[in-house]
Amino acid sequence: MKKFLIAGNWKMFTNVFESKVLVETLIANIWKDNQNTTVLVCPPFTSLCGVADVIKDTDLKLGAQNCHYEEKGAYTGEISPQMLQYLGCNYIIIGHSERRTHFKEDDEIIARKLSSILDLGLIPILCIGETFEQRMNNMTNTILTKQIEKAFENIDKSLIKQVVIAYEPVWAIGTGISATPEQAQETHRWVKDFISSTYSVNREDLTVIYGGSMNDKNCYELLNLADVDGGLIGGASLNAETFTSIIETAKSISKI
Ligand code: PGA
């Protein structure tokens, strides 16, 4: 029986009022029977408190889209993992390609964040992925190797199985063009093989989710793949009906 993590990355969309309405609709839609499918919402920082309040009696999980690596300090505009934990966040996304590109986050910063999150017992969702050009030049595995190795460099290797990997090909994010099932399966299989052989982790203990234009139309094919353990969903998670349909699809596959 397959288990899924279906995560909504709301990016810089929805104010606190809109976030609450979105999550209320979601709860009304998917309230029951989510055993094999963990549903996670990652609203903007300003909505975390409001959403935490709405989901407190449900099995929905709360996540943040980013964090700083320090606990506290003179870092104007930053938020620490401890602050997020205090609000009820179980997950924190790190290394999203939009942060790597627009905010110049490098593998070293991402590694520090990863280690701070793990120290707290929270679950990091580490995003990795290649650009279109890199894929065209057959560099996908080289790029993913570097991103994974750097991120894992300084952590206790026994904690690796706690990390959720989100494979998000950069060319698929927000473009409406997802990876084909063949591309997704091949890369997910490679990621699991690489991590399990390099760090001696049981392959079955690894969670690798797919992100990049997943929607209610293509999710069945993608989630049905042997090595796809869920989705990190941007645009399609902002519509309660579409996100619900993805969650229901995951639930139905997990029962097979
Ligand atoms: P998308 O975004 O589903 O809108 O492509 C995914 C992501 O950026 O995590």
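Read the numbers this way: they start at 1 and go in the same order the structure lists the ligands and their atoms. Computed from heavy atoms alone, side chains included, the values below leave out hydrogens, waters and symmetry copies. Since the model is a prediction, treat every value here as computed from it, not as a measurement.
- At a threshold of 4.0 Å, the pair Lys146-Asp107 counts as salt-bridged, since one of the basic side-chain nitrogens sits closer than that to a carboxylate oxygen.
- If you chain together ILVMFWY residues whose side-chain heavy atoms come under 4.5 Å of each other, Tyr69 ends up grouped with Ile109.
- A side-chain donor-acceptor contact under 3.5 Å links Lys157 to the backbone of Glu153.
- Within 4.0 Å of ligand 1, heavy atoms belong to protein residues Asn9, Lys11, His96, Glu168, Ala172, Ile173, Gly174, Gly212, Ser213, Leu232, Ile233, Gly234, Gly235.
- For the side-chain contact (heavy atoms from CB on, under 4.5 Å) with Val54, the qualifying choice from Val21, Leu22, Val23, Leu26 is Val23, the only one to do so.
- Annotation: Phe194, atom CZ; neighbour count of heavy atoms from other residues, nucleotides and ligands within 6.0 Å is above 12.
- Using bins of under 30°, 30° to 60° and over 60° for the plane-to-plane angle, the ring pair Tyr199/Phe152 lands in the perpendicular bin.
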